[in-house]
Protein chains: 2
Amino acid sequence: MSVARRTGRRPGGPDTKGEILAAARVEFAERAYDGASVRGIAARAGVDPALVHHYFGTKEQLFLAAMEIPFTPSEVAAQIMSGPQPGTGERAVRTFLAIWADPVKRAPFLALLRSAMTHPGAAALLRQFARRAMLARVVARLDVPDRELRAEAAVSHLLGMALMRYVVKIEPLASASEDELVSLVGPVIQRYFDP
Amino acid sequence: MSVARRTGRRPGGPDTKGEILAAARVEFAERAYDGASVRGIAARAGVDPALVHHYFGTKEQLFLAAMEIPFTPSEVAAQIMSGPQPGTGERAVRTFLAIWADPVKRAPFLALLRSAMTHPGAAALLRQFARRAMLARVVARLDVPDRELRAEAAVSHLLGMALMRYVVKIEPLASASEDELVSLVGPVIQRYFDP
DNA sequence: CGTAGATTTCATCATATGGTGAATATTGCT
DNA sequence: AGCAATATTCACCATATGATGAAATCTACG
């Protein structure tokens, strides 16, 4: 009959761990690693901060757990590579933008991008992801010189676009439609896939 | 005859304010706005933290003071625009990379880029700079449709390149020579300047 | 039912941060 | 020499942060 519940386990079988993870993704995506606080994440999950530590140990480990990427790179790569070669650039831009348009899928990437600026671990994750996802799977099968450099140049453009669109929010880029960007940027990036 | 000097003005006429500014640029560039502390900046400048507040008031104002860009956009724009039109892309990349190659010139931009991720004021500065420097001066005189969007797409690529090269430090992009990047990226960006 | 284990919160620590106001030493002007 | 302005530091404050250990409540299984 107490109004304010005190300590102890709470009834029902809620996936509290999952809620903490979701809250962490949002907070990390919005404020980056350093700016997000365990307290803020706990508050968003409606939970005591100590519970976060109980489940994930340290903030660092929570970050790593929250950065699980929400799709399979092989599928994405397949999607980009399927179709006529001259359309590869456009398909790459379209696929990239589609992922970033979905807030749930975008969150880990935004978090990674924001956190990479100050957190070396996040930078390492981003580096590794760029290599694995883009380079190893997409460009590896193209017969061009300087494959790696070209792949990274292409990723540079895509990441820069995400940066300007979703972080810096410069206009008209931030409000441009996906189709508009695909037809503008696609043919340009295509040059990195051509001989 | 005291070994450890206590409070009070110190002899000589050192440009302490300037040293604080320089220290601030380095710290902000390395750790971004939130990560850089007034104490850290003061320590790097060999000065008491209170002196920083004495000169600049708040951390925010210190940041603004430290972000004075170290070159004149008009000159840069002139440099990019002078020469045959088909070489505009390469000149843009070369000019951009030259600025980023100089640690002193790079510092404010790195600071801006890093801080824009979490600090809305920094994002606004970056946005405004991208507009003023690149768009208004370089692309305005080109006779292409979607001038603004094209300009921002070009800036996206350049910023993304800086991001991958100087923050994420992905290889081989981070170690590639400027010439290599100019000849690879220049012709690609050129497409944004063509009809 | 009873108890072992899992879940959840409370209270608390040590530390770092941005910021303020008073005190002290040095310069520069007259 | 004297004195006002300036430069510089010291000693604090209030607050936020990541982290820990003990206590309380609930579920599951015998």
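Computed from a predicted model, the values in this text were never measured in an experiment. Here is how names work: the chains are called A, B, and so on, in the same order as the sequence lines, proteins then strands, and each is numbered from 1.
Of the candidates D:dT17, D:dT8, C:dT17, the closest approach to any side-chain atom of B:Thr16 belongs to D:dT8. Each of D:dA7, D:dC12, D:dG21 was ranked by its minimum atom distance to the side chain of B:Arg39; first place goes to D:dC12.
Rounded to an integer number of Å, the gap from CD1 of A:Ile41 to P of D:dT17 is 11 Å. One can place CG of A:Asp48 at 16 Å from C1' of C:dA6, the figure rounded to the nearest angstrom. Distance CD1 (B:Ile20) to C1' (D:dA7): 10 Å, rounded to an integer number of Å. Rounded to an integer number of Å, the gap from CZ of B:Phe56 to P of C:dT20 is 16 Å. Rounded to whole Å, atom C1' of C:dC10 lies 13 Å from atom CG of A:Leu51. Atom C1' of nucleotide C:dG18 and atom OH of B:Tyr55 are separated by 20 Å, given to the nearest angstrom. Straight-line distance from the NE2 atom of A:His53 to the C1' atom of D:dA19: 5 Å, rounded to whole Å.
No engagement by B:Ala42 is indicated, since no non-hydrogen atom pair under 4.0 Å with the nucleic acid exists.
Residue pairs satisfying the side chain to side chain donor-acceptor pair (under 3.5 Å) criterion with at least one member in residues 104-120 of chain B, sequence neighbours excluded, are listed as follows: B:Asp34-B:Thr118, B:Glu60-B:His119.
Classification of B:Glu171 and A:Arg131 as a salt-bridged pair fails, no side-chain N sitting under 4.0 Å from a carboxylate O. Look at A:Glu152 and A:Arg127 and you find no salt bridge, because none of the NZ, NE, NH1 or NH2 atoms lies under 4.0 Å from a carboxylate O. A salt bridge between B:Glu178 and B:Arg94 is absent, with no side-chain N of the basic residue lying under 4.0 Å from a carboxylate O of the acidic one.
Nearer the 5' end of DNA chain D, as judged by each residue's closest nucleotide, is the contact made by B:Lys17, out of A:Ala36 and B:Lys17.
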